Chemist: 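Just passing along the structure, written as structure tokens.
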Amino acid sequence: METKVRFAPSPTGFLHVGGLRTALFNYLYARKTGGKIVLRIEDTDQARKVENAVENLLSSFEKLDIHFDEGPHKNDGSVQHFQSQRLSIYKEHIQKLIDSGDAYPCFCDGSRLETLRKKLSDAKATIKYDRKCLNLSAEEIQAKQETEPFVIRMKIPNEEKVKFYDVVREKVSINCSEIDDQVLIKSDGFPTYHFANVVDDHLMGITHVMRGEEWLPSTPKHVLLYRFFGWNLPKYIHLPLLLNPDRSKLSKRQGDVAVEDYLEKGFLPETLINFVALLGWHPKDDREMFSLKELENEFSLKRIHKSGAVFDLEKLKWMNSQYLMQLPLETVVERSIPFFENANLDTSDKAKLSLIVDATRQRVQTLAEMPEASKMYFTVPVISVDNKELINAPQSRELLQKLKENIENSNIPDGDGFKQIVMNIGKEISLSGKSLFFPIRTAIYGEPKGPDLVLLFNILGKKEVINRLNQ
RNA sequence: GGCCCGUUCGUCUAGUGGUUAGGACCCAGGGUUUUCAUCUCUGUAACAGGAGUUCGAUUCUCCUACGGGCUACCA
């Protein structure tokens, strides 16, 4: 049977890196097995809806080059991928459960439930609904339904242990006595996650449910729903959580969580994919650098871990610096342009820009650091007091003066020629090493330490080098 | 509180009933380089604890501790 997986976010903002990891694993598994991946929007909470969330989500995936086979972006009209558009389907299905006695209406209001929870909590008991509305007569239900708001709850069997198999965690079981009569349909008529999720996964033919570990405790409810309907269970794969440095669930409080944030900070899409793939999964060997295509080949469910993984910014930076150096220069140039423009640096001279990016990419860890690290190629650098002392030393003044005259009077083709002149002058006035190179680099680059003189000359050109030697 | 899940260097992780427990990031030191960066080499650093099974457990079982998740008409 063809595998079919899904990524089912609720549209409450931007794509979260945890969401990216879940989406990526689903995507990789679909590609690996030649199956399909569906994007489904779980917008059943009217209160949490965020404008443009779906557009933002799709745009992030576009940038990361992750594509869904089915979803709201390519809808032929046969299936609706927004849960808010599937209300009639849920209505039809909840009726089946009511008819079979596996679900029942409940009229208890929020304050009663709150009091109940408080009472149970004080008694140190499992917090769950007391089934006050379970045994209402047909007449009572009829009458109440006309005047009072109500929800539909699922009726959890009394004495039973629900067992299921998780690909990562193997056997998991829980006693029904611990499970609450979950609300399936809210009083506004919308389904809860648990109900819509199960109905849709079945109707859409989902074979593998891969999601975050936070869903593990509610999986027995889902298993029970499948049984009530007489449907086959999908395979469950609960992914380990992504964690903050303090090992709590990755959250906004402790740093950036949105994929967009990382992109804006100058991390490359390739880095994000590669990095996140290695959180909770590991290949057979020690290899760490993987393109998306390579991951598609390499991925396997068997190598997913059980325990949570801390999102380590240091390693992310390292990996980004690797991609900065490994990716084709044109790609890095193209991706860096917005960052230069943002810093008001002129990007019109593409040949020069290319040289600059090439010289800078191995000195920075993110695209965002690039303008700062290369602004001296655009404008005459500001030289610090200490460095001024260095170039104003008599020895340095003589050196720089000679150098200027030499360049002005010769036809230097490129940086190699420039360096040759530097070496010759060095010989002439008996300067070498730091005392030769530091003043020159400081004069034209602003700092004694930095890129090779050949590179500097090639980027700046003869005219600008003379200009800077003058100052 | 209850339930569920987890636990190998600080972090990401490999691994096995017998290994000097391997790699990567970070950190430290060396080399390369005119310098910085890159690159490269070396080093520091881990099987949570206790029982049991076994000739032998980091590896299997149980218990404890610790950590996390869930405990909504949120997902």
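Since we're looking at a predicted model, the values are computed, not measured.
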Chemist: Mind jotting down which residue pairs meet the ring-ring contact (aromatic ring centres under 6.0 Å, His included) criterion with at least one end in residues 299-324 of chain A? Sequence neighbours excluded, please.
Modeler: Phe25(A)-Phe299(A), Tyr262(A)-Phe311(A), Phe275(A)-Phe311(A), Trp281(A)-Phe299(A)
Chemist: Between Ser336(A) (side chain only) and Val333(A) (backbone N and O only), is there a donor and an acceptor less than 3.5 Å apart?
Modeler: yes
Chemist: Side chains of Ser291(A) and Glu270(A): do they bring a donor and an acceptor to under 3.5 Å?
Modeler: no
Chemist: Got a list of protein N/O to nucleotides 30-34 of chain B N/O distances below 3.5 Å?
Modeler:
{"residue": "U34(B)", "atom": "N3", "partner": "Arg441(A)", "partner atom": "NH2", "Å": "2.7"}
{"residue": "U34(B)", "atom": "O4", "partner": "Arg441(A)", "partner atom": "NH2", "Å": "3.3"}
{"residue": "U34(B)", "atom": "O4", "partner": "Asp452(A)", "partner atom": "OD1", "Å": "2.6"}

Chemist: Which residues satisfy the ring-ring contact (aromatic ring centres under 6.0 Å, His included) test with Phe150(A), sequence neighbours excluded?
Modeler: Phe107(A)
Chemist: With sequence neighbours left out, what residues match Tyr90(A) under ring-ring contact (aromatic ring centres under 6.0 Å, His included)?
Modeler: none
Chemist: Of the nucleotides G1(B), C5(B), C3(B), which one has an atom closest to the side chain of Lys124(A)?
Modeler: G1(B)
Chemist: Using distance alone, with no hydrogens and no angle criterion, decide if Asp246(A) and Ser248(A) have a side-chain donor and acceptor under 3.5 Å apart.
Modeler: yes
Chemist: Under 4.0 Å between any heavy atoms, over every strand shown, what does Gln322(A) touch: base, sugar-phosphate, or nothing? Just pick one.
Modeler: sugar-phosphate
Chemist: Would you classify Ser321(A) as touching base, sugar-phosphate or nothing, given that sugar-phosphate means primed atoms plus P, OP1 and OP2, and contacts are heavy atoms under 4.0 Å?
Modeler: nothing
Chemist: Applying side-chain hydrogen bond (donor to acceptor under 3.5 Å, both in side chains) between His238(A) and each of Arg211(A), Arg169(A), Glu213(A), report the one that passes.
Modeler: Arg211(A)
Chemist: May I have the distance from Trp318(A) (atom CH2) to C25(B) (atom P), rounded to whole angstrom?
Modeler: 5 Å
Chemist: In whole angstrom, give the distance that lies between atom CD of Glu369(A) and atom C1' of A37(B).
Modeler: 12 Å
Chemist: Rounded to whole Å, how long is the line connecting atom CD of Glu178(A) with atom P of G1(B)?
Modeler: 15 Å
Chemist: Could you state the CD1-P distance from Ile174(A) to C5(B), rounded to the nearest angstrom?
Modeler: 8 Å
Chemist: Tell me, please, whether Phe195(A) has Lys186(A) positioned over its six-membered ring: NZ or CZ under 6.0 Å from the ring centre and within 45 degrees of its axis?
Modeler: no
Chemist: For each nucleotide in nucleotides 8-15 of chain B, reading 5' to 3', give B when a protein heavy atom comes within less than 4.0 Å of its base, S when such contact involves only the sugar-phosphate, and - otherwise.
Modeler: ---SBSSS
Chemist: Name the orientation class of the two ring planes belonging to Trp215(A) and His194(A) (parallel below 30°, tilted from 30 to 60°, perpendicular beyond 60°).
Modeler: perpendicular
Chemist: Spell out protein contact along nucleotides 70-75 of chain B as letters: B when the base is contacted, S when just the sugar-phosphate is, - when no protein heavy atom is under 4.0 Å; keep the 5' to 3' order.
Modeler: SSSBBB
Chemist: Tell me, please, which residues at least two apart from Tyr129(A) pass side chain to side chain donor-acceptor pair (under 3.5 Å).
Modeler: none
Chemist: Just by modelled atom types, is the Met370(A) backbone N or O under 3.5 Å from a matching donor or acceptor in the Ser374(A) side chain?
Modeler: yes
Chemist: Nucleotide by nucleotide, 5' to 3', does protein get under 4.0 Å of the base (B), only the sugar-phosphate (S), or neither (-) in nucleotides 41-48 of chain B, counting heavy atoms?
Modeler: --------
Chemist: List for me each residue that meets side chain to side chain contact (heavy atoms under 4.5 Å, CB included) alongside Ala343(A), sequence neighbours excluded, and say none if there are none.
Modeler: Leu345(A), Pro371(A)
Chemist: Side-chain donor-acceptor pair under 3.5 Å between Arg397(A) and Asn392(A), yes or no?
Modeler: yes
Chemist: Apply the test side-chain hydrogen bond (donor to acceptor under 3.5 Å, both in side chains) to residues Ser384(A) and Asp386(A): give CA-CA distance (whole Å), side-chain angles for both, the deciding distance (0.1 Å), then the verdict.
Modeler: CA-CA 6 Å; Ser384(A) 73; Asp386(A) 284 356; 5.6 Å; no
Chemist: To the nearest angstrom, how far is Lys306(A) atom NZ from G67(B) atom C1'?
Modeler: 17 Å
Chemist: Answer with base, sugar-phosphate or nothing: what part of the nucleic acid does Met319(A) contact at a heavy-atom distance below 4.0 Å?
Modeler: nothing
Chemist: Rounded off to whole Å, could you give me the OH-to-P distance for the Tyr165(A) and C5(B) pair?
Modeler: 14 Å
Chemist: Give, for atom OG1 of Thr22(A) and atom NE2 of His16(A), the distance between the pair rounded to the nearest 0.5 Å.
Modeler: 9.5 Å
Chemist: Polar atom pairs between nucleotides 57-61 of chain B and protein, under 3.5 Å, N or O only, would you list them?
Modeler:
none

Chemist: Can you name the residues that form a side chain to side chain contact (heavy atoms under 4.5 Å, CB included) with Val223(A), not counting sequence neighbours?
Modeler: Val162(A), Phe164(A), Thr219(A), Leu233(A), Tyr236(A)
Chemist: Between Leu216(A) and Gln362(A), which has a closest nucleotide on RNA chain B that is more 5'?
Modeler: Leu216(A)
Chemist: What is the distance, to the nearest angstrom, from the CD atom on Glu213(A) to the P atom on G67(B)?
Modeler: 16 Å
Chemist: With RNA chain B as reference, determine whether Leu241(A) or Met325(A) sits nearer its 5' end, using the nearest nucleotide of each.
Modeler: Met325(A)
Chemist: Could you pull out all residues at least two apart from Lys144(A) that satisfy salt bridge (Lys or Arg N to Asp or Glu O under 4.0 Å)?
Modeler: Glu148(A)
